[in-house]
Structure formats: structure tokens, C-alpha cells
K.L.:
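Sharing a structure, written as C-alpha cells. Questions coming.
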Amino acid sequence: MNLDATTLRTHQQAVRLLILDVDGVLTDGSLFLGDGGEQYKAFNSRDGHGIRLALDGGIEIAILTGRTSGVVEHRMRDLGVEHLIQGRRDKGEALHELLQRTGHDPAEAAFMGDDIVDLPAMQRVGLGIAVGDAHPLVCQHAQWVTEAHGGRGAVREACEGLLAAQGRLDALFETYLNG
């Protein structure tokens, strides 16, 4: 259900809140477990900078994930992400709570996912985004599928795409060129 470029841009311009899944979106989906049950995750630093750009450009970021991990909490705190919902398998209900908490209308929100558990949230927002290596059913129902894969720049691509559609990306880049 990929949108034509004009319609996609209209949806991108409306986004004020970008909601991200973690495993398979902010990571490549690999789970590293220690002998004592510790969890380790590898995050892409460029995706992290994309999140910082989005926040600096006026787009709120939220995390909505089915797993609970102190590593995720730590990483999001480092990036300045205030909205974090973990351990929620029913992402549709969790999305409803998140939207109430932030005061955003569903049309102002985008959800980025990779697997079928993400579909209930993706289908209830103004813009559903799938990472490039998402499950085929997720790609079929997304309005935007990134070129990049999960944990490999997909979040950065989405953040920059939203900021560009909103006319904010060039000014953010200027701060680095003239800094």
C-alpha cells in the first residue's frame, strides 16, 4: 500500500510524533543474551543521530516495544526520548494510551515497525512505516517502506524524510556546516 510521492509527502508533513519499535527497527533484530540472562542490543549510532535531528526539528519521538530492557531505557535517556512504553504485546492499546498521554491525534503520528505484532499500531496512525527488511505483510500494509533495513539506517532515513517533507532538514544541516 505504498503511497505515491505527493500523498506520502502530505502524510509526512502532518507527523508530529514518530513512534518506533525497537527489535528489528532500532536494532537488526538480533538478541544477545548473557549466561545470567542479561540482554544486550546493538544500536546504530546514525539512527541515534537521526532521532536527535528529529527532536531538534520539533518531532517528538516515542518508543513502543513488546520487550522490556534496561538497555533500551538507557539508550533512549541518552538520546533525550521522553516517551517510552516497554513490555506491551498489545501495541494497539498501548498506542491509544501513548496518544492520550502526548495529546496527539492519530493523524499526527507515524509508527515504524518490522513485524506482524506492529500492525495494530501501524494501522491506527496517519503514517505507517516499515523498515526495508520488514515482514512482507507489514510492507504490504505500510504506506512507506524505507530503503534501509532495521538497525542499519532505517530510522535515520525516516527521520530525515519527515524533516525534509516539513522543510526543516536543510536548516538542521546548516548548523553543522556553519557550526
Side-chain angles (χ1 to χ4, degrees), residues 1-2 8 12 15 17-35 37-57 59-91 94-95 98 109-123 125 127-165 169 172-173 176:
M1 177 203 320
N2 280 327
L8 174 60
Q12 290 169 324
V15 173
L17 173 67
L18 173 59
I19 307 159
L20 305 168
D21 178 34
V22 174
D23 296 320
V25 174
L26 281 166
T27 74
D28 67 5
S30 297
L31 297 175
F32 303 96
L33 302 174
D35 289 340
E38 309 89 358
Q39 288 186 31
Y40 305 96
K41 296 179 186 287
F43 296 99
N44 185 304
S45 62
R46 291 186 190 136
D47 284 339
H49 196 75
I51 288 171
R52 283 295 333 147
L53 284 170
L55 290 168
D56 291 345
I59 298 172
E60 284 186 83
I61 302 291
I63 301 300
L64 176 52
T65 179
R67 293 182 177 275
T68 301
S69 169
V71 173
V72 172
E73 185 175 343
H74 179 76
R75 178 66 174 145
M76 293 309 112
R77 186 173 45 246
D78 283 350
L79 291 172
V81 175
E82 296 179 22
H83 308 292
L84 177 62
I85 297 178
Q86 297 194 77
R88 298 293 299 273
R89 287 189 50 81
D90 184 347
K91 292 189 179 183
L95 171 73
L98 177 63
F111 184 91
M112 187 170 195
D114 72 303
D115 211 340
I116 57 175
V117 69
D118 299 319
L119 287 171
M122 284 180 65
Q123 294 180 320
V125 295
L127 181 61
I129 308 169
V131 297
D133 59 338
H135 185 281
L137 189 61
V138 175
C139 292
Q140 178 184 339
H141 288 277
Q143 292 135 324
W144 178 14
V145 178
T146 63
E147 294 288 325
H149 290 187
R152 300 285 183 252
V155 170
R156 178 68 171 264
E157 181 181 333
C159 290
E160 288 188 4
L162 292 172
L163 290 165
L169 186 61
L172 290 165
F173 283 172
Y176 293 95

K.L.:
Residues in side-chain contact (heavy atoms from CB on, under 4.5 Å) with Leu137, at least two apart?
P.N.:
Ile116, Leu119, His135, Gln140, His141
K.L.:
Restricting to pairs with a member in residues 17-26, which pass salt bridge (Lys or Arg N to Asp or Glu O under 4.0 Å), not counting sequence neighbours?
P.N.:
Asp21-Lys91, Asp23-Lys41, Asp23-Arg67
K.L.:
Roughly how far, to the nearest 0.5 Å, is the CG atom of Leu20 from the CG atom of Asp118?
P.N.:
10.5 Å
K.L.:
Run the side-chain contact (heavy atoms from CB on, under 4.5 Å) test against Ala110 and tell me which residues pass, sequence neighbours left out.
P.N.:
Val15, Leu18, Leu127, Ile129
K.L.:
How far does CD1 of Ile85 sit from CD1 of Ile63, to the nearest 0.5 angstrom?
P.N.:
10.5 Å
K.L.:
To the nearest 0.5 Å, tell me how far Arg75 CZ sits from Thr27 OG1.
P.N.:
12.5 Å
K.L.:
Side chains of Phe43 and Val72, heavy atoms from C-beta outward: is any pair under 4.5 Å?
P.N.:
yes
K.L.:
Tell me, do Met112 and Thr146 make a side-chain contact under 4.5 Å, heavy atoms counted?
P.N.:
yes
K.L.:
Once side-chain contact (heavy atoms from CB on, under 4.5 Å) is applied, do any residues pair with Ser30, and if so which ones, sequence neighbours excluded?
P.N.:
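Expected list: Asp28, Phe32.
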K.L.:
For the residue pair Leu55 and Ile59, establish whether any side-chain heavy-atom pair is separated by less than 4.5 Å.
P.N.:
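The answer is no; the side chains never approach within 4.5 Å.
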K.L.:
Who pairs with His49 by ring-ring contact (aromatic ring centres under 6.0 Å, His included), at least two apart in sequence or on another chain?
P.N.:
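Checked His49 against ring-ring contact (aromatic ring centres under 6.0 Å, His included); matches are Tyr176.
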K.L.:
Just by distance, do the side chain of Gln86 and the backbone of Thr65 share a donor-acceptor pair under 3.5 Å?
P.N.:
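No, because the side chain of Gln86 does not come within donor-acceptor range (under 3.5 Å) of the backbone of Thr65.
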K.L.:
Do Gln143 side-chain atoms and Gly128 backbone N/O form a donor-acceptor pair below 3.5 Å?
P.N.:
yes
K.L.:
Just so I know, are the side chains of Leu26 and Met76 near enough to count as touching, which here means a heavy-atom distance under 4.5 Å?
P.N.:
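Leu26 reaches Met76 side chain to side chain.
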K.L.:
Tell me every residue that passes side-chain contact (heavy atoms from CB on, under 4.5 Å) with Asp56, counting only those two or more places apart in sequence or in another chain.
P.N.:
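Per chain and number, Asp56 pairs via side-chain contact (heavy atoms from CB on, under 4.5 Å) with Arg52, Leu172.
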K.L.:
Has Asp47 got a side-chain atom pairing as donor or acceptor with Asn44's backbone, closer than 3.5 angstrom?
P.N.:
no
K.L.:
Who pairs with Asp90 by side chain to side chain donor-acceptor pair (under 3.5 Å), at least two apart in sequence or on another chain?
P.N.:
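Here no residue qualifies.
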K.L.:
Nearest 0.5 Å, what's the CG-CD distance between Leu33 and Glu38?
P.N.:
9.0 Å
K.L.:
Considering non-hydrogen atoms only, spot the tightest contact between Ala121 and Leu95 and give its length.
P.N.:
O-CD2, 3.6 Å
K.L.:
With no hydrogens and no angle check, is any side-chain donor or acceptor of Glu147 less than 3.5 Å from a backbone partner on Gly132?
P.N.:
no
K.L.:
Please list, chain by chain and in numerical order, all residues satisfying salt bridge (charged side-chain N to carboxylate O under 4.0 Å, His left out) with Arg156, sequence neighbours excluded.
P.N.:
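Here the qualifying residues are Glu160.
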K.L.:
Rounded at 0.5 Å granularity, tell me how far CG in Leu98 sits from CG in Leu17.
P.N.:
5.5 Å
K.L.:
Arg77: which residues meet the salt bridge (charged side-chain N to carboxylate O under 4.0 Å, His left out) condition with it, sequence neighbours left out?
P.N.:
Glu73
K.L.:
Does the side chain of Cys159 reach to within under 4.5 Å of the side chain of Leu53, using non-hydrogen atoms?
P.N.:
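Contact flag for Cys159/Leu53 side chains = no.
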K.L.:
Hey, are the side chains of Leu169 and Leu162 touching, using non-hydrogen atoms and a 4.5 Å cut-off?
P.N.:
no
